[in-house]
Novice: 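Here it is: the structure, laid out below.
In what follows, chains carry the letters A, B, and so on, assigned in the order in which the sequence lines appear, proteins first and then strands, with residues in each chain numbered from 1.
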Amino acid sequence: MRAARVLAITAVLGLGACAYNRGSVVLLPESDGRETAVTVTTGEQKVVLDKPYAGAQQTAFGPRAYQSSLQEVAAAFGPALAAQPARPQSFTLYFVEGKDEFTDESKQVIDGVFAAIAKYPVPDVVVVGHTDRVGSDPFNDNLARQRADTVRAELIRRGVAPENIVAVGRGSREPIIPTAAGVAEPRNRRVEIVVR
Amino acid sequence: MRFSQLRRCTLFFSLLFACIAGPVAAADIGQVKVAKGQVTVERDRQSLPVTVGMRLQPSDVLKTGDDGSVGVTMTDNSLLSAGPNSILSFDRYEFDTTTNQGKFDSTLQKGSLSVVSGRIAKQSPDAMTVRTPGTILGVRGTEFVVSAGG
């Protein structure tokens, strides 16, 4: 009787250890409240994780749902989480109509933008120039490119390696505020900078 | 005479083909941002040491040792980081920077991995998957951890 119980406990522990070795998945809380979910599929069996710390363990019988915790994740995934790169960030700088000069407002925020970029150990920067719909398409394509190049030159001047910057122009094709042709719109005269 | 002409012709077309199909610079899919301890990448049947700043190519396989960990940022802004004794392979990666559409499949053969999904997963559900031996994870977004025995 006793032997049977010991055997049963050993079997349960054995299964547990087995499950742990096979692996597990845990959904983490979303910092900005976005919808988040991961589906875990083994053969025909499927578990959907859509709550913070909802987990699934892989067992011989397929994925088994369970509730994990911050403590458990920190213990099992500490080194992996510590190696997570810095989150990508984006910034927008605005320009004077028809020119590749920063607006006065953008001149004031530019130091902060470059300081944020300087915090990345190996920054990979994408610079995309845009215009409003005043002027012809060829003029705006060229102007968008010039605006991107202005930002690129400023980044290089402040120490970002040229090979880590990609600068492109999109002309007036991707407005923030859609307008008719010929309309001046300050919010569309911009350069978007993504650093990752 | 005709035989040697034929051979010359064959040689010409072989060379031409070699020029067209020859080594093309592989597109970068991501960049190593963090590397601690022993980290290597298997590429073209070679094992190379991984350093911070290194750019990843399609079909790369990252391996970490007992004391190793590695963090990469993909071109779609996905973040993947692996702990010690891990093997992570980039099976498929396509990303159109204009439309934000793409496909990203990776496999954690063993070890531990943390994932923050990027633009590919945001555009269409199931455009991003992470496999472990026996399991497929469909990534709707956005942050999770996964381990694999082995």
Novice: Hey, which of B:Ala121, B:Gly138, B:Gly118 has the most heavy atom pairs under 4.5 Å with chain A?
Specialist: B:Gly138
Novice: Please report the C-alpha distance between A:Leu49 and B:Phe144 in whole Å, then the side-chain angles of each, then the deciding distance to 0.1 Å, and finally whether the side chain to side chain contact (heavy atoms under 4.5 Å, CB included) criterion is met.
Specialist: CA-CA 10 Å; A:Leu49 310 179; B:Phe144 62 96; over 6 Å; no
Novice: Can you say whether B:Val130 sits under 4.5 Å from chain A via the side chain, the backbone, both, or neither, judging by heavy atoms?
Specialist: neither
Novice: Should B:Thr132 and A:Gln58 count as side-chain neighbours, where that means a heavy-atom distance under 4.5 Å?
Specialist: yes
Novice: Would one find more than 12 heavy atoms of other residues, nucleotides or ligands at under 6.0 Å from atom CZ of B:Arg131?
Specialist: no
Novice: Check whether any side-chain heavy atom of B:Thr135 lies under 4.5 Å from a side-chain heavy atom of A:Val40, and answer yes or no.
Specialist: yes
Novice: Side chain from CB out, backbone as N, CA, C, O: work out which of these in B:Met74 comes under 4.5 Å of a heavy atom of chain A, or both, or neither.
Specialist: backbone
Novice: Is it possible for you to say whether A:Phe114 and A:Val109 belong to one hydrophobic cluster, with membership spreading through side-chain heavy-atom contacts below 4.5 Å?
Specialist: yes
Novice: Do other residues, nucleotides or ligands put more than 12 heavy atoms under 6.0 Å from the CZ atom of A:Arg158?
Specialist: yes
Novice: Closest heavy-atom contact between A:Thr36 and B:Glu143?
Specialist: OG1-N, 4.2 Å
Novice: With a 4.5 Å cut-off on side-chain heavy atoms, are B:Ser112 and A:Phe77 touching?
Specialist: yes
Novice: If hydrophobic clusters are built from ILVMFWY residues whose side chains come within less than 4.5 Å, do B:Val41 and B:Tyr93 share one?
Specialist: yes
Novice: In terms of heavy-atom proximity below 4.5 Å to chain B, should A:Glu163 be classed as side chain, backbone, both, or neither?
Specialist: backbone
Novice: Let me confirm one number: the CZ-CG distance from A:Arg196 to B:Asp76, rounded to the nearest 0.5 Å.
Specialist: 8.0 Å
Novice: Evaluate the side-chain proximity of A:Val38 to B:Arg140: yes if any heavy-atom separation is below 4.5 Å, no if none is.
Specialist: no
Novice: Measuring heavy-atom distances to chain B, does A:Arg170 have an atom under 4.5 Å in its side chain, in its backbone, in both, or in neither?
Specialist: side chain
Novice: Checking A:Val26 against chain B: side chain, backbone, both or neither under 4.5 Å from a heavy atom?
Specialist: both
Novice: Backbone N or O of A:Gly23 within a donor-acceptor pair of the B:Ser147 side chain at under 3.5 Å?
Specialist: no
Novice: Could you tell me which non-hydrogen atom of A:Val122 sits nearest to which non-hydrogen atom of B:Lys33, and how far apart they are?
Specialist: O-NZ, 2.6 Å
Novice: Would a distance-only check, ignoring hydrogens and angles, find a side-chain to backbone donor-acceptor pair under 3.5 Å from B:Ser81 to A:Ala80?
Specialist: yes
Novice: Would you kindly confirm whether A:Ile156 and A:Val126 end up in one hydrophobic cluster when ILVMFWY residues are joined by side chain heavy atoms under 4.5 Å apart?
Specialist: no
Novice: Give, as side chain, backbone, both or neither, the part of A:Val47 having an atom under 4.5 angstrom from any heavy atom of chain B.
Specialist: neither
Novice: How long is the straight-line distance from OG1 of A:Thr42 back to CD1 of B:Ile136, given to the nearest 0.5 Å?
Specialist: 8.5 Å
Novice: For B:Ser86, which atoms come within 4.5 Å of any heavy atom of chain A: side chain, backbone, both, or neither?
Specialist: neither
Novice: So if you build clusters from Ile, Leu, Val, Met, Phe, Trp, Tyr with side-chain heavy-atom gaps below 4.5 Å, do A:Val191 and A:Val125 land together?
Specialist: yes
Novice: I want to check something: taking the side chain as every heavy atom from C-beta on, are A:Thr41 and B:Leu137 in contact at a cut-off of under 4.5 Å?
Specialist: no
Novice: Please classify the contact between A:Pro63 and chain B as side chain, backbone, both or neither, with a heavy-atom cut-off of under 4.5 Å.
Specialist: neither
Novice: Go through the steps for A:Leu81 and B:Val145 under the test side chain to side chain contact (heavy atoms under 4.5 Å, CB included), then give the verdict.
Specialist: CA-CA 8 Å; A:Leu81 289 166; B:Val145 287; 4.0 Å; yes
Novice: Within the 4.5 Å heavy-atom criterion, are B:Arg55 and A:Asp124 side-chain neighbours or not?
Specialist: yes
Novice: Counting only heavy atoms closer than 4.5 Å, note whether A:Ala86 contacts chain B via side chain, backbone, both or neither.
Specialist: backbone
Novice: Do you know which of B:Val34, B:Val139, B:Asn77 has the most heavy-atom pairs under 4.5 Å to chain A?
Specialist: B:Asn77
Novice: Between B:Lys36 (side chain only) and A:Ala83 (backbone N and O only), is there a donor and an acceptor less than 3.5 Å apart?
Specialist: no
Novice: Please determine whether side chain to side chain contact (heavy atoms under 4.5 Å, CB included) holds for the pair B:Thr142 and A:Leu28, giving the CA-CA distance in whole Å, both sets of side-chain angles, and the decisive distance to 0.1 Å.
Specialist: CA-CA 8 Å; B:Thr142 54; A:Leu28 300 182; over 6 Å; no
Novice: Which answer fits A:Asp50, side chain, backbone, both or neither, if we ask what part of it has an atom under 4.5 Å from a heavy atom of chain B?
Specialist: neither
Novice: Are side-chain heavy atoms of A:Gln84 and B:Leu80 found at a separation under 4.5 Å?
Specialist: no
Novice: Hydrophobic clusters here meaning ILVMFWY residues chained together by side-chain heavy-atom distances under 4.5 Å, can you tell me if A:Leu27 and B:Leu108 are in one?
Specialist: yes
Novice: For chain A, which candidate among B:Pro133, B:Gly111, B:Gly71 shows the most heavy-atom pairs at distances under 4.5 Å?
Specialist: B:Gly71
Novice: Looking at chain A, which one of B:Val32, B:Asp126, B:Thr73, B:Val115 has the largest number of heavy-atom pairs inside 4.5 Å, strictly under?
Specialist: B:Thr73
